[in-house]
Amino acid sequence: MTGSPSGGLPGPYGNSSGGANLADILERVLDKGIVIAGDIKINLLDIELLTIKLRLIVASVDKAKEMGIDWWEQDPALSSGARHKELSQENAELRRRLEELESQGVLEPAEKESREPRK
Amino acid sequence: MSLASEELRYVYAVCRPLDAPLAADLTGVGGVPPRQLAHEGLIALVGPVPERDFAEEPLRRHLEDLDWLSDTARAHQRVISALTSVTCPLPLRLATVFRDDSGVRAMLEEGADRFRRVLDRIDGCVEWGVKVHLESEESRERPAEAPTQDKPRSGRDYLRQRRSRQTAQDESWQRAEVFAQALHEKLSRRSDDSRLHAPQNSSLSKAPGRNILNAAYLVPRAHSEEFVELVDGTKDEGQESSGLRVELTGPWAAYSFTADDPGTEGTRADGTDTGTGADQTERSR
């Protein structure tokens with residue numbers, strides 16, 4: 001840059017320029033900054049950052065993953081897969097415990113279960 | 001002016017007349033250098049953009065394209081960043097486009113009062129972004145990895161283990177929140193204004209851990225060095241107390257402080273529970 005008109009301002013930290021973090025830049029240029037109705041009417045006002053991310057991801061999942069944008073896979077609210085995984089993990093754990101207790105004779109095997117009756 | 005029908009005007013920012021020139025090699029969207037368009041004591045920084053990319057229909061389509069959007073966002077920020085090194089600009093949101101120069105002038109004229117008010121408010125200031133990430137949480141979230149070693153001997157053990165994992169997680173969350181809150185209060189006192197933004201998704205930002213605090217502070221340039229030192233000082237503090245990472249970005253243009261009326265939008269966040277409320281207020285506009 002030319003000169004130092006900023007007067008003792010510390011150099012850029014983190015991501016404001018150069019190899020900047022895309023998330024930080026997108027957050028600001030899409031979600032902050034003053035909104036003025038231009039002649040070309042794209043209502044960015046209605047496009048929240050999240051919406052844009054989602055639409056981008058739908059449009060280009062591979063590209064998004066490449067960039068590390070894969071959070072929707074872990075978010076139960078967005079991915080039925082994640083919620084399902086969570087539940088089945090817990091299910092498996094509970095089933096294991098149940099079997100253990102039954103085998104120790106602490107609990108009677110439930111009769112109406114389609115399990116092998118042990119007599 | 002025969003090109004007028006094929007070129008539109010992309011506006012990056014509004015500012016006061018510049019005291020120092022912009023870098024000669026600065027390029028903006030489409031690799032074209034921005035130029036200054038003056039009107040009634042205000043400057044709009046504009047660049048010509050092709051209608052085939054920035055008319056309504058192609059623009060809408062482009063916004064779905066991650067490569068295009070990243071390039072455009074970076075170009076936009078590059079110009080704003082260069083401008084921020086010579087003045088305190090009012091950054092416009094991405095893709096604010098006019099048909100021609102007279103449209104830009106009309107915009108400056110119409111918004112003059114509003115622009116001047118906000119420019120006065122951010123005069124001499126830059127924005128610093130401060131985020132706090134809770135790093136250790138993810139490792140705690142995968143307790144199933146070593147099930148053989150601490151295998152529960154009874155159902156009660158199992159539940160107890162499960163509960164203690166939950167408690168440990170709750171506690172680290174609580175510590176993180178207390179830390180973030182204290183940090184935010186400390187930084188708010190050292191800044192002219194502050195905004196709490198919605199936490200960033202960690203995977204998008206590629207930052208490990210979970211984003212607890214995502215705040216922006218409006219700081220006079222003259223006090224920026226102190227501010228940076230203050231934040232740096234808390235980095236160790238956070239690291240020592242349970243895997244909290246403090247991240248500082250900037251100096252940015254005052255992106256988060258462009259709203260006209262600070263009373264209704266956002267907060268002068270020195271209170272306690274202003275966070276999400278403030279962000280929602282801003283978002284719902």
Side-chain angles (χ1 to χ4, degrees), chain A residues 1-10 12-17 20-42 44-45 47-50 52-53 55-60 63-64 67-75 89 93 97 100-101 106, chain B residues 8 11 19-21 23 54-56 59-60 63-67 69-70 73-74 76-78 81-82 85-86 90-99 103 107 111 118 126 129 144 152 155 158 197 200-206 221-222 224-225 228 247-252 255-256 258 283:
Chain A
M1 286 303 121
T2 51
S4 178
S6 46
L9 189 67
Y13 247 73
N15 307 311
S16 74
S17 62
N21 178 339
L22 187 60
D24 284 329
I25 294 182
L26 287 181
E27 180 180 25
R28 283 184 167 77
V29 306
L30 291 176
D31 207 34
K32 316 286 182 278
I34 198 162
V35 177
I36 289 166
D39 292 336
I40 305 303
K41 299 277 193 289
I42 293 287
L44 267 179
L45 203 59
I47 306 177
E48 300 247 336
L49 184 55
L50 177 67
I52 291 183
K53 278 190 286 184
R55 291 162 76 199
L56 286 168
I57 284 155
V58 171
S60 163
K63 177 66 188 172
M67 298 178 66
I69 310 174
D70 59 355
W71 48 269
W72 74 94
E73 288 185 342
Q74 275 92 48
D75 191 335
Q89 268 173 4
E93 180 65 17
R97 290 294 309 145
E100 221 169 276
L101 291 170
V106 181
Chain B
L8 301 169
V11 184
D19 298 330
F54 283 86
E56 193 171 330
L59 183 55
R60 201 177 291 280
L63 287 171
E64 315 276 348
D65 175 352
L66 199 51
D67 289 329
L69 184 66
S70 326
R74 283 188 199 283
H76 184 97
Q77 167 56 17
R78 191 166 59 234
S81 177
S85 70
V86 295
L90 186 51
L92 267 51
R93 202 158 291 198
L94 186 91
T96 308
V97 182
F98 293 84
R99 294 240 155 259
M107 177 272 287
V118 183
V126 289
Y158 167 70
H197 298 315
Q200 276 189 3
N201 188 284
S202 304
S203 309
L204 177 71
S205 57
K206 285 184 172 174
R221 286 180 194 276
S224 279
E225 205 157 343
V228 170
E247 187 192 345
L248 175 70
T249 61
W252 300 88
Y255 277 105
S256 304
T258 56
R283 277 156 179 272

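Chain letters run A, B, ... following the sequence lines, proteins first, then strands; residues in each count from 1. Treat the numbers as computed from the prediction; the structure is a model and nothing was measured. Only heavy atoms go into these numbers, but all of them, side chains included; no hydrogens, no water, no symmetry mates.
- Of the possible donor and acceptor atoms, none in the side chain of Arg93(B) sits under 3.5 Å from a partner among the backbone N and O of Val29(A).
- Here the straight-line distance linking atom CG of Leu26(A) with atom CZ of Arg74(B) works out to 8.0 Å at 0.5 Å rounding.
- How far CG of Leu30(A) is from CG of Leu69(B): 5.5 Å, rounded to the nearest 0.5 Å.
- Taking CH2 of Trp252(B) as the start and CG of Asp24(A) as the end, the distance is 5.0 Å to the nearest 0.5 Å.
- Interface residue Ala73(B): backbone and side-chain heavy atoms are both found under 4.5 Å from chain A.
- Of all non-hydrogen atoms in Gly129(B) and Arg28(A), the two that sit nearest each other are CA-NH2, 3.8 Å.
- Of all heavy-atom pairs spanning Phe98(B) and Ile36(A), the tightest one is CZ-CG2, 4.0 Å.
- Note: Ile40(A) CD1 to Leu8(B) CG = 5.0 Å, rounded to the nearest 0.5 Å.
- For Tyr158(B), the part sitting under 4.5 Å from any heavy atom of chain A is the side chain, from C-beta outward, and nothing else.
- The shortest side-chain heavy-atom distance between His197(B) and Glu27(A) falls under the 4.5 Å cut-off.
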